[in-house]
Every structure is written in C-alpha cells, then in structure tokens.
Amino acid sequence: MSDNGAFTAIERIERALARIEAATAQTSQSRTNDLALAEMTARHRALSEETRRAVADLDLLLSGISNG
C-alpha cells in the first residue's frame, strides 16, 4: 500500500470512529432522556394522585359545610 493509500485508509478509519463515537453519545443521551422521562412521568402520576385526593378532601369539607 502506498503512503497515499495508507493515509486515505487512516482517514476513513478516523471518520468511521467519529461516527461510532457520535452514535454512542447519542444513544447515551437517549438513555438519559428516557430515564428522565420515566422519573418525570412517575412524579406526575404521584402529584396527580395527591391533587385528586386533595380535591376529594375539599369536596368532603365543602359538602359538610353545606349540610351542616
């Protein structure tokens, strides 16, 4: 292989490695985003349930005031 061919091969390998590294970083970021989304979804469900209970408690209090 000539020097020019060797340099060309090295350049191709370096570009391939750069694409692999970029894809790996993107996958890692995607996993981080998935975990963050799962945590936010769980927090949203918990807050929604807490809000539902609070509104139900307020309804009971208000119905007691109206009936009392």
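Since the model is a prediction, treat every value here as computed from it, not as a measurement.
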Distance from M40 atom CE to L47 atom CG, nearest 0.5 Å?
11.5 Å

Nearest 0.5 Å, what's the CG-CG distance between L62 and D57?
11.0 Å

Separation between CD1 (I65) and CG (L60), nearest 0.5 Å, reads 11.5 Å

Any chance you could measure I10, atom CD1, to L17, atom CG, to the nearest 0.5 Å?
11.5 Å

With sequence neighbours left out, what residues match R52 under side chain to side chain donor-acceptor pair (under 3.5 Å)?
E49

The complete set of salt bridge (charged side-chain N to carboxylate O under 4.0 Å, His left out) pairs with one or both residues in residues 9-35, sequence neighbours excluded, reads none

With sequence neighbours left out, write down each residue that passes side chain to side chain donor-acceptor pair (under 3.5 Å) with N33, or none if nothing qualifies.
Q29

